[in-house]
2 protein chains.
Amino acid sequence: MRITQQHEDTSAEPPRRSRAGREATRAAILAAARQAWTEHGFDEVGLREIASRAGVTAALVNRYFGTKEALFREAIGTEDPSPAGLADIDPGQFGRVLAAVTLSGEHHATVQARTEHDAHLMLLRSAPSPAAQPVLRDYVENTVMPPLAHYFGGDDQARKRAAAVLALSLGASILGHILRTEPLAQAESEAAGSEADPDLVTVFAAMLQSAADTPLGESR
Amino acid sequence: MRITQQHEDTSAEPPRRSRAGREATRAAILAAARQAWTEHGFDEVGLREIASRAGVTAALVNRYFGTKEALFREAIGTEDPSPAGLADIDPGQFGRVLAAVTLSGEHHATVQARTEHDAHLMLLRSAPSPAAQPVLRDYVENTVMPPLAHYFGGDDQARKRAAAVLALSLGASILGHILRTEPLAQAESEAAGSEADPDLVTVFAAMLQSAADTPLGESR
DNA sequence: GAACCGTGTATACAGGTGTTTACTTACCTC
DNA sequence: GAGGTAAGTAAACACCTGTATACACGGTTC
C-alpha cells in the first residue's frame, strides 16, 4: 500500500525518483485507478482523473495499459489472488459471520474483508457501463463465486446458494453504500468504528443461514 | 402503453397529427426516456437518443423538462402511483410469492410486477450517476420501501426487514439481469416464458421468509 | 386574409472524453 | 563526456455531451 504518491516526491531515498521507474509508476496508476473507481465508478472517472491521482499524465496511462477498459480489467482482476479464508467458518455460524462482514464493511479476520468489500463497490458502481460489463461478469464467475460455491459443496446446488448469498450482499451494498438509504446507510458508523445495528445483523444472519441450510431437491 | 410512436404518424384519425399536441409528445418523451434508461442507465443514454426514440429533437426534450436530471426524476417518479397489492399475500406464503416474482421478472397478478421490475432495472443501471442518485434515494425511501415496511408492521423493525428483502431483490437483479451471471441470468427464460429454476426459488423463498419471520429484539 | 401563439427544428456553444502523435528529458552505459 | 534508450509530457485528434438561442412552420382566432 501507500503507493498513492503525489507528483512531487523528490525528498527521501536515492536520487532516482522523479523518474519513478517502470514498476513503481505502473503500480501507482493501478492503485489510483482502483481507488478512484471504487469511489465513483467506471463512467464517472476519466483517465485524466486517474492519471492526476497517480501524479502522471493521461497519455502515460494509455502507454502502460493501452486502453481504459484494459486498465479496468487489471484493476479489478488483481484485487486478491487467493480470497479464500471462509473455509474456517463453522457452518452453524455462517449466517452471523457473513452478516457481520456484509453489514459493517469492516475488516474481519476470518473472511476476505476490506479488499473484497472495495471490489464489490467498484463492481456495483461500474456495472452499468457496457465496457466494464464483460470484465465484471468474468470477475464474478471466476473470482468471487467459486470460493463461495466451494464452501457450499461445489455442485450445482452450491452455486445457487452462493448466488443467493452474493445477491444479498451486493444488494445491501447498493442500498447502504451507493444510494445511502436508511436503515442500511451505515457508512458513518463504519467511520466511527461502531458495530452494525443488531436487528439488521439478526435479519441478515437468518437469511444467509437459510441460504446455507435450506434443503434442495433434484441434484441436476 | 403503446405510446412509442415513430416520427411519421400521419395516417389515422383527424388531420391534427404531425403536430402531436402538448400532452401526447410529453408522454412520448417520458415513455422513451423510461424505456431507454431501463435498458441502459442514466449515463449511457443521452438526450439525443431519447429524443430520437420519441421522434423528436433533443432541444424539445429540454423545453419540456428543463434538464436531463428533471426528466429522470419524472421518469422514475411516475412508475406506479399505488404500487401496493402485496397486502393480500398470506404471511406464510410471503417468501415463495416474492421469490417467484423476483426470479422470473414476470408479471404476477398479486404484486407490483412488471412495471416495478423495470423500475428496479432503471434504478440499478442509473445508481452510479451522481445526478441520478438523490432522485433514486428519494424513490427508494418514499416509494418502494414504505409499502414493504407497512406489510411488515410499519415500525422500525419492519423497515429493517423491508430493507433486507429489497436488498436481496436488487442483488438478484444485478447478478441476473445486468451482469447476466449464471445461475441467475434467466433473461432468456423470461423471454421463453418458462418458470424459474425450482431450486433457486426454494433458496430465495427461504431467505425471504426468514426476513419476514425472524424474531427481533429491542423495539427502538 | 392577417396577426399570433404554441410546437417543433436547426445550429451553435462550451466543455469533456479516450486515444495518438511527436517531442522532451533524465538516466545508464560505453 | 557522448550516445542511446526508456520514462514522461504536451498538444492535438475526432467525437460526443447537455444546454441555449434563434428561427420556421401549422393552426387558431380576429
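Here is the naming used below: chain letters follow the sequence lines, and residue numbers restart at 1 for every chain. Below, all heavy atoms of this structure are taken into account, side chains as well, without hydrogens, waters or symmetry copies. Keep in mind that this is a model prediction, so the values were computed, not measured.
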*Might you point out which heavy atoms bring A:Met122 and A:Ala75 nearest each other, and give the distance in Å?*
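Where A:Met122 meets A:Ala75 most closely, the heavy atoms are CE-CB, 3.6 Å.
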*Most 5' of B:Ala59 and A:Ala58 on DNA chain C, judged by nearest nucleotide*: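 Comparing both residues, the 5'-ward one is B:Ala59.
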For [X] and [N], what is the distance between atoms [atom1] and [atom2] respectively, to the nearest whole Å?
{"X": "A:Leu60", "N": "C:dT19", "atom1": "CG", "atom2": "P", "value": "14 Å"}
{"X": "B:Ile29", "N": "C:dT7", "atom1": "CD1", "atom2": "P", "value": "11 Å"}
{"X": "B:Phe65", "N": "D:dA20", "atom1": "CZ", "atom2": "P", "value": "16 Å"}

Report yes if a side-chain nitrogen or oxygen of [X] is closer than 4.0 Å to either non-bridging phosphate oxygen (OP1 or OP2) of [N]; otherwise report no.
{"X": "A:Asn62", "N": "C:dG18", "value": "no"}
{"X": "A:Thr67", "N": "C:dT19", "value": "yes"}
{"X": "B:Tyr64", "N": "C:dT7", "value": "no"}
{"X": "A:Thr25", "N": "D:dA7", "value": "no"}

_Options C:dT19, D:dT19, D:dT9, nucleotide nearest the side-chain atoms of B:Leu47_ =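 Nearest to the side-chain atoms of B:Leu47, counting from C-beta on, is D:dT19.
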*Are B:Asp138 and B:Arg73 ion-paired here, with the side-chain N under 4.0 Å from a carboxylate O?*
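Counted as a salt bridge, because a side-chain N and a carboxylate O are separated by less than 4.0 Å.
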_Please determine whether side-chain contact (heavy atoms from CB on, under 4.5 Å) holds for the pair B:Arg34 and B:Ile76, giving the CA-CA distance in whole Å, both sets of side-chain angles, and the decisive distance to 0.1 Å._
CA-CA 7 Å; B:Arg34 272 202 275 265; B:Ile76 209 166; over 6 Å; no
_Distance-only donor-acceptor test (3.5 Å): side chain B:Arg48, base D:dG18_ =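 When only heavy-atom distances are counted, B:Arg48 does reach the base of D:dG18 through a donor-acceptor pair under 3.5 Å.
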_4.5 Å side-chain heavy-atom contact, A:Val165 and A:Phe94_ =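 Result yes, sub-4.5 Å side-chain heavy-atom pair found.
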